[in-house]
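A quick write-up on the structure given underneath.
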Amino acid sequence: MPCSPLASKSAKEDVYHALEDFLHVIVNGLWRTFWRKSGPPPFSLSCFHHPGSKFYAVEKAILRGRLEELRGLALISENGNNLKVHWNQVVELVLFRQNILSGNELKLSVSTICEALFYGVHILISRCLRKSRTISDDSVFIMVFDSKFGAVIKLGGDLSKLELNTGDPYQSMAHWIKCHAEVLLSSVETIWNRLGNANWGDLGTLQVLLATFYSIVQCNGPPRKSISSLASAHSLRLQKRRIECRLAENENAKIPYQQDGYQHGEIVELDHSDNPLVKNTTHLKLRQGEILLLEDQQQGQKSFQIQESFIGGNYFLYGAISLDYPTQLLTLYVGAHPSRLEPSWEDMSLWYQVQRQTKVLNILKHQGVSSKYLPEVIASGRILHPGPCKKQSPSGRCDHPRCGTPILVTLPVGEPLSYIVARDGPFSSDDALRCCRDCLVALRSAATASVQHGDISPENIIRVFNMQGTRHKVLYIPVSWGRAVLEDRDSPAINLQFSSSHALQHGKLCPASDAESLVYLLFFVTGGRMHPQDSIESALQWREKSWATRSIQQHLGEVSPLLKAFSDYVDSLCGTPYPVDYDIWVKRLNRAVDGSGSADRGKMIEEVAMTLRLENVAESSGTSGGGT
């Protein structure tokens, strides 16, 4: 960013090139991090002159000599093959002014706020007037910048309350803003430093990132990964890096900054694969068609072929087939490769998904808990790599990059609810009732072994199509049991949107915590609005307000009276030591889903065995060596 944007015409060009690059990095990074890793984002950046004007690419505006007329840039949602861009496609707006400050104070000037609101109202009205709605109508983010500072303004409100006076429309709009709109202003923060570089680690750029993130959520729906899960993984990576740095310092290790063959002063790109510390911590990535040989201590050697790669958050998840039974697709989890560090320093998300989930599922099996609404362990153990292995003991490992990597293979395979809702939209009443019934049956089965799931969320419930000819063609199955609570010292996962209030406040589960999380999940999959939360405090405030105003019950009541009654029942148990009466609710839901009045119907469903069992599986050495 030029320090003096109005010094020359070329500097003005640099301003818009800098803005375009800055926003492109933000949008591209957010899209690839939270939505899709491959393919271009479905957005474009265009400049504009005034409300209602056409949109131009920055280069075209420069060629036409219209730089002085430009007011800023707009993030545009691409609309298929239609090249003509309309104002209802604006996802967020960016205004650039010579100075956005009010005198010498670090706050926005009145003229800056008024211009932002003017454009914001124009966008909201354009969205309301369009025929096909792809962007949420009730709010819009406007960002304002100069060559140093920046801020975010959010305008929202119900335009149906706008009483338009054709004689003085501006006065009508001002009245609507004063009486019916919500205007939120962020603090004014430094965006660019004295050298013109963006301060990516500071609050100013974080505000811009969050505003763009929420704008994309309005346009494209919820992301595939949450901010909280990304922050958790980032904290683990930071901790691991600090440990690696301390180890390197203790060993007097020096990282070379110049390699043979390069001239002095030349800037070169270092290959991270040459760093032994990085080598030890990289995760195993598998290709389609690759065959893995698994060493299971109880079952011996098993061979699996990779068929596809799934979306698995912070862990690696694949679809695979057993070469012994190639007709059935299985879920294959790949854990973190054992490094030279202590086990507690490994990637904990992978440890929970592989080693601890294996332990939990085996505990359920050993205690006789069997249900088609629970995942089943098919095999677990460690990878056997091709070629000679130099490990000193059966539980040891050699220097091969795959040696000792833990693997878990489960059944069945399905699509997560988060992906289904993003693709197909909200659930119907029948699907919501079936989902609630199936999840309650699974939770009841686990409760007989004193196990609570601890991480009920749309990412951890899958939809499975049962092709075995039974009357229940669709099953909803809770997966990812790695964060299950087995005893008082266990801690559940913390999810700002779906964790129970007791889990957020105390870091522990109460007997009704899974049921409370299930209510939030049903609220989400049936189209309930769940605002992204940025802290435990805000998450608790949302829960308190939602239960106090009965907004959750009212929404579920529009889907099904039975779901409303279930949410009322859960509300009466939240935070108490009283257990959930699963039997009575499974019985009622069976009547609604299947039209069955049998009191024993729920128990019969629970006792149905999995339709496919390859072999009996005991806990493997890979699990027992991973801790409790």
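Heavy-atom basis, side chains included; hydrogens, waters and symmetry copies ignored.
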Are the aromatic ring centres of Tyr318 and Phe304 under 6.0 angstrom apart? no
Below 4.5 Å, heavy atoms only, C-beta onward: do Val519 and Phe566 meet side chain to side chain? yes
Any heavy-atom pair between the side chains of Ile477 and Leu475 that's under 4.5 Å? yes
Using modelled atom types and a 3.5 Å cut-off, is there a donor and acceptor pairing between side-chain atoms of His506 and backbone atoms of His502? no
Between Ser538 and Gln533, is any side-chain donor less than 3.5 angstrom from a side-chain acceptor? yes
For Asp534 and Leu210, what are the C-alpha separation, side-chain angles and deciding distance, and is it a side-chain contact (heavy atoms from CB on, under 4.5 Å)? CA-CA 10 Å; Asp534 56 4; Leu210 286 175; 5.6 Å; no
Here the gap from Ile291 atom CD1 to Leu286 atom CG, rounded to the nearest 0.5 Å, amounts to 12.0 Å
With a 4.0 Å cut-off, would you call Arg382 and Glu295 a salt bridge? no
List the atom of Asp438, the atom of Val474, and the distance in Å for their closest heavy-atom pair. OD2-O, 3.9 Å
Output yes when a side-chain donor or acceptor of Asp296 lies under 3.5 Å from a complementary backbone atom of Ser380, and no otherwise. yes
Provide the closest heavy-atom pair for Leu433 versus Ala592 in the form atom of the first, atom of the second, distance. CD1-CB, 4.1 Å
Contact check, side chains of Glu459 and Lys225, non-hydrogen atoms, under 4.5 Å: no
Any idea which heavy atoms bring Ser445 and Val369 closest together, and the distance? O-CG1, 3.4 Å
Ser139 to Arg127 - nearest heavy-atom pair and separation: O-NH1, 2.8 Å
Gln89 side chain to Ser77 main-chain N or O, any donor-acceptor pair under 3.5 Å? yes
Considering all heavy atoms of both residues, which atom of Val580 and which atom of Ala515 are nearest to each other, and what is their separation? CG2-CB, 3.9 Å
Are the side chain of Asn460 and the backbone of Ile456 linked by a donor-acceptor contact shorter than 3.5 Å? no
Taking NZ, NE, NH1 and NH2 as the nitrogens, is one of them in Lys508 or Asp488 under 4.0 Å from a carboxylate oxygen of the other? no
Cation-aromatic face contact Arg543/Tyr520, 6.0 Å, 45 degrees: yes
Using a 6.0 Å cut-off, check whether atom CZ of Arg287 has over 12 heavy atoms from anything other than its own residue. no
Got a donor-acceptor contact below 3.5 angstrom from the Asp490 side chain to the Glu487 backbone? yes
Going by heavy atoms in the side chains, are Val91 and Gln218 under 4.5 Å from each other? no
Is Arg356 reaching over with its side chain to a backbone N or O of Ala484, donor-acceptor style, under 3.5 angstrom? yes
Between CG of Leu522 and CG of Leu417, what distance do you get to the nearest 0.5 Å? 9.5 Å
Step by step, would you call Thr358 with Tyr333 a side-chain contact (heavy atoms from CB on, under 4.5 Å)? CA-CA 10 Å; Thr358 306; Tyr333 298 86; over 6 Å; no
For the backbone of Phe523 and the side chain of Thr526, can you confirm whether one donor and one acceptor N or O come within less than 3.5 Å of each other? yes
Step by step, would you call Leu75 with Cys219 a side-chain contact (heavy atoms from CB on, under 4.5 Å)? CA-CA 11 Å; Leu75 181 64; Cys219 179; over 6 Å; no
Other residues, nucleotides and ligands only: do more than 12 of their heavy atoms fall within 6.0 Å of CD on Gln554? yes
For a quick test of reading the model, state the closest non-hydrogen atom pair linking Pro412 to Val464 and the distance between them. CG-CG2, 3.7 Å
Rounded distance [0.5 Å steps], CD1 in Ile420 versus CZ in Arg463: 3.5 Å
Is the backbone N or O of Ser517 less than 3.5 Å from a side-chain atom of Ser499, with the two atoms forming a donor-acceptor pair by type? no
Would you please classify the geometry between the Trp585 ring and the Tyr569 ring as parallel, tilted or perpendicular, with 30° and 60° separating the classes? tilted
With sequence neighbours excluded, tell me which residues meet ring pair (Phe, Tyr, Trp, His ring centres under 6.0 Å) with Tyr214. none
With under 30° as parallel and over 60° as perpendicular, where do the rings of Trp35 and Phe213 fit, or are they tilted in between? tilted
Derivation of the side-chain contact (heavy atoms from CB on, under 4.5 Å) call for Leu332 and Leu330: CA-CA 6 Å; Leu332 188 144; Leu330 308 170; over 6 Å; no
Looking only at the side chains, is there a donor atom on one of Ser501 and Glu516 sitting less than 3.5 Å from an acceptor on the other? yes
With side chains defined as the heavy atoms from C-beta onward, is the minimum distance between Leu521 and Cys435 less than 4.5 Å? yes
Spacing of CG belonging to Leu440 relative to CD1 belonging to Ile584, to within rounding of 0.5 Å: 12.0 Å
Could you label the plane-to-plane angle of the Tyr476 and Phe427 rings as parallel, tilted or perpendicular, counting under 30° as parallel and over 60° as perpendicular? tilted
Measuring from Leu293:CG to Leu384:CG, what's the distance to the nearest 0.5 Å? 4.5 Å
Side chains of Ser428 and Asp430: do they bring a donor and an acceptor to under 3.5 Å? no
Do Val479 and Ile461 have side chains that approach each other closer than 4.5 Å (heavy atoms only, starting at C-beta)? no
Side chains of Gln452 and Asp514: donor-acceptor distance under 3.5 Å anywhere? no
For Tyr352, is there any backbone N or O sitting under 3.5 Å from a side-chain donor or acceptor partner on Gln357? no
With the side chain counted from C-beta on, respond yes when Arg591 and Arg437 share a heavy-atom pair under 4.5 Å apart, and no when they do not. no
pair Leu329-Ile321: side-chain heavy atoms closer than 4.5 Å: yes
